Enquirer: 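Dropping the structure in here first, questions after.
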Amino acid sequence: VSRAPRVLPNAPLSMLSPSLPLGCLGRRTWLAGVAGAVLWPAHAAPAHAVPPPDATLHYTLRRGFFSGSGEMQWRRTGDAYDLKLTGDVAGFSVLTQRSVGHVDASGLVPDRFTDQRVRRAARVANFERDRKRVSFSSSPETYPIVAGMQDRLSWMIQLPALAAADPGLRAPSGRAAMFVVGARGDGEVWEFAFAGTEAVRTSAGPVQAAKFTRLPRKPDDSAVEVWLDPARHSLPIVARLGDSDGGDALELRLRELHLP
């Protein structure tokens, strides 16, 4: 017998009930509702997160026939955070993403996300918390800010922070959801499901990693897979990011990890 849900004002989006019928609602309708209240199972606890310590992760980067190197730098100064991901192929910068914001008990709270690709101008998503909305430099689209909202880079630390705080996420029924915005005026619910523990080969040696996959809600949803290392603050050792346009997936595979 399923539990009757109750309404919990300002419930954190990062721990949404899997039974919440997001796919039955339009994006605007769902966001308008979740901004004020979320259907929440009576037994659910508010989200809690334990972000990792400062870290620099060096990756092998691959996309189709191209390969190169990637680097993710995660830094905290007090409550502020600065997260940066760069990618290079044959000496050319092909990707620069940066997310800045602050950290609270629920995890990362982005203020600004910048995304620059090869031969393209930088695009920006601004989390205007005084106006309770996200706006974009290259689109008139806006979204209301909801609890647990992430950007296309910050989720790579937010998911580990949730997994580190709640070992139950690494159980067969483990799930975590968050609304993720890009810099092009795009935004979607990303719901991750635990897909088991796998032995993953990396240049830094074999790792028993917890795999999470994004559950698709629409046929054109981008596929996302990530493998987290529970022994090292659940940091992402492999990430495979699909393209909603049908292009080749971007893969990051750990070469080196530097912790304080």
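As the structure is a computational prediction, the values presented were derived from the model and not from experiment.
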Enquirer: Evaluate D115 against R117 for salt bridge (charged side-chain N to carboxylate O under 4.0 Å, His left out), listing each step before the verdict.
Expert: CA-CA 7 Å; D115 188 356; R117 308 297 177 97; 2.8 Å; yes
Enquirer: Are a donor atom and an acceptor atom from the side chains of T197 and Q208 found within less than 3.5 Å of each other?
Expert: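 On atom types as modelled, these side chains do not qualify, holding no pair under 3.5 Å.
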Enquirer: Do L228 and I237 have side chains that get closer than 4.5 Å, going by heavy atoms?
Expert: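 No, too far: nothing below the 4.5 Å cut-off.
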Enquirer: So, do P236 and Y59 sit near enough that their side-chain heavy atoms are less than 4.5 Å apart?
Expert: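 Contact flag for P236/Y59 side chains = yes.
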Enquirer: Any sub-3.5 Å donor-acceptor pair from D166's side-chain atoms to L162's backbone N or O?
Expert: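 Here the side-chain-to-backbone pair does not exist.
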Enquirer: Hey, could you give me each pair passing salt bridge (charged side-chain N to carboxylate O under 4.0 Å, His left out) that has a residue in residues 49-72? Not counting sequence neighbours.
Expert: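 Every salt bridge (charged side-chain N to carboxylate O under 4.0 Å, His left out) pair that includes a residue of residues 49-72, provided the two are not neighbours, is R63-D243.
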Enquirer: Answer yes or no: is there a side-chain heavy-atom contact under 4.5 Å between V238 and V226?
Expert: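 V238 does not reach V226 side chain to side chain.
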Enquirer: For the CG atom of L85 and the CG atom of L252, what is their distance to the nearest 0.5 Å?
Expert: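 Between atom CG of L85 and atom CG of L252 there are 6.0 Å.
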Enquirer: Examine distances only and state if a side-chain atom of D221 and a backbone atom of P219 form a donor-acceptor pair shorter than 3.5 Å.
Expert: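 Answer holds: no.
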Enquirer: State which residues pass salt bridge (charged side-chain N to carboxylate O under 4.0 Å, His left out) with R75; sequence neighbours excluded, sorted by chain then number.
Expert: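 Partners of R75 under the salt bridge (charged side-chain N to carboxylate O under 4.0 Å, His left out) test: none.
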Enquirer: Does the side chain of F113 reach to within under 4.5 Å of the side chain of V181, using non-hydrogen atoms?
Expert: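 In short, these two side chains do not touch, never coming nearer than 4.5 Å.
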Enquirer: Compare all side-chain heavy atoms of L95 with those of T86 and state whether any distance is below 4.5 angstrom.
Expert: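 No. Closest side-chain heavy atoms not under 4.5 Å.
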Enquirer: Could you give all pairs that pass the salt bridge (charged side-chain N to carboxylate O under 4.0 Å, His left out) test and reach residues 224-239, with sequence neighbours left out?
Expert: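 Salt bridge (charged side-chain N to carboxylate O under 4.0 Å, His left out) check on residues 224-239 returns K211-E225, E225-R240, D229-R232.
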Enquirer: CG of N126 to CG of D111: how many Å apart, nearest 0.5 Å?
Expert: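 Result: 9.5 Å between the selected atoms.
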Enquirer: Hey, are T142 and R131 close enough side-chain-wise for a donor-acceptor pair under 3.5 Å?
Expert: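 Distance-only check fails for R131 and T142.
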Enquirer: What's the shortest heavy-atom distance between R170 and S234, and which atoms?
Expert: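 Between these two residues, the closest heavy atoms are NH1-OG, 4.0 Å.
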Enquirer: Of all heavy-atom pairs between L257 and A55, which one has the smallest distance, and what is that distance?
Expert: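 Distance-wise, the nearest heavy atoms are CD1-CB, 4.2 Å.
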Enquirer: Check R255 against S69 and note the closest heavy-atom contact, atom names and distance.
Expert: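 Nearest pair, atom of R255 first, then S69: NH2-CB, 3.9 Å.
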Enquirer: Whether the side chain of T202 engages the backbone of G205 through a donor-acceptor N/O pair (distance < 3.5 Å, no angle test) should be reported.
Expert: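 Yes, because the side chain of T202 sits within donor-acceptor range (under 3.5 Å) of the backbone of G205.
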Enquirer: Under a plain distance cut-off of 3.5 Å, with no hydrogens placed, do S99 and D151 share a side-chain donor-acceptor pair?
Expert: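 Yes, side-chain donor-acceptor contact under 3.5 Å.
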Enquirer: Could you check whether any side-chain N or O of W155 sits under 3.5 Å from a backbone N or O of V180, counting only pairs where one atom can act as donor and the other as acceptor?
Expert: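 Not a single qualifying donor-acceptor pair exists.
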Enquirer: Donor-acceptor pair, S137 side chain versus V124 backbone, under 3.5 Å?
Expert: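 Between the backbone of V124 and the side chain of S137 there is a qualifying donor-acceptor contact (under 3.5 Å).
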Enquirer: Please say yes or no: joined through hydrophobic side-chain contacts below 4.5 Å, possibly via intermediate residues, are V109 and M156 part of one cluster?
Expert: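 Different clusters: V109 never reaches M156 through Ile, Leu, Val, Met, Phe, Trp or Tyr contacts under 4.5 Å.
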Enquirer: For the pair L108 and Y81, evaluate side chain to side chain contact (heavy atoms under 4.5 Å, CB included) and give the outcome as yes or no after the intermediate values.
Expert: CA-CA 8 Å; L108 277 66; Y81 81 79; 3.9 Å; yes
Enquirer: Evaluate F136 against R184 for side chain to side chain contact (heavy atoms under 4.5 Å, CB included), listing each step before the verdict.
Expert: CA-CA 7 Å; F136 304 90; R184 298 182 295 179; over 6 Å; no
Enquirer: Apply the test side chain to side chain contact (heavy atoms under 4.5 Å, CB included) to residues F192 and L215: give CA-CA distance (whole Å), side-chain angles for both, the deciding distance (0.1 Å), then the verdict.
Expert: CA-CA 6 Å; F192 290 95; L215 300 178; over 6 Å; no
Enquirer: Determine the minimum heavy-atom distance between V89 and S67, stating which atoms define it.
Expert: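 Heavy atoms of V89 and S67 come nearest at CG1-O, 3.5 Å.
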Enquirer: Decide if atom CZ of R129 counts as having more than 12 heavy atoms of other residues, nucleotides or ligands within a radius under 6.0 Å.
Expert: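 Atom CZ in R129 is crowded, with more than 12 foreign heavy atoms closer than 6.0 Å.
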Enquirer: Given E191 and M178, is the side chain to side chain contact (heavy atoms under 4.5 Å, CB included) satisfied, shown in steps?
Expert: CA-CA 6 Å; E191 184 178 5; M178 59 194 78; over 6 Å; no
Enquirer: Hey, could you give me the CG/CG distance between L57 and L254, rounded to the nearest 0.5 Å?
Expert: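 With rounding to 0.5 Å, CG (L57) is 6.0 Å from CG (L254).
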Enquirer: Could you pull out the closest heavy-atom pair between G242 and S222, with the gap in Å?
Expert: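 Looking at all heavy atoms of both residues, the closest pair is O-CB, 3.5 Å.
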Enquirer: With the side chain counted from C-beta on, respond yes when I157 and P52 share a heavy-atom pair under 4.5 Å apart, and no when they do not.
Expert: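 Sidechains of P52 and I157: in contact.
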Enquirer: Are the side chain of R152 and the backbone of A183 linked by a donor-acceptor contact shorter than 3.5 Å?
Expert: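 No; zero donor-acceptor contacts below 3.5 Å.
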Enquirer: Drop me the distance from M72's CE to L235's CG, to the nearest 0.5 angstrom.
Expert: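 Those atoms lie 6.5 Å apart.
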Enquirer: Nearest heavy-atom pair of A49 and A165: which atoms, and what distance?
Expert: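 Minimum heavy-atom contact is CA-CB, 3.8 Å.
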Enquirer: Output yes when a side-chain donor or acceptor of E198 lies under 3.5 Å from a complementary backbone atom of W227, and no otherwise.
Expert: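 Checked: no pair found.
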Enquirer: Mind telling me whether Y143 and F179 have parallel, tilted or perpendicular rings, with 30° and 60° as the class edges?
Expert: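 F179 and Y143: tilted rings.
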Enquirer: Does a side-chain heavy-atom distance below 4.5 Å link L169 with F194?
Expert: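 Counting from C-beta outward, L169 and F194 never come under 4.5 Å.
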Enquirer: Side chain of R217, backbone of W190: donor and acceptor closer than 3.5 Å?
Expert: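 Here the side-chain-to-backbone pair does not exist.
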Enquirer: Taking the side chain as every heavy atom from C-beta outward, state whether R98 and L83 have any atom pair closer than 4.5 Å.
Expert: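 R98 does not reach L83 side chain to side chain.
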Enquirer: Between S154 and Q150, is any side-chain donor less than 3.5 angstrom from a side-chain acceptor?
Expert: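 Short answer, yes.
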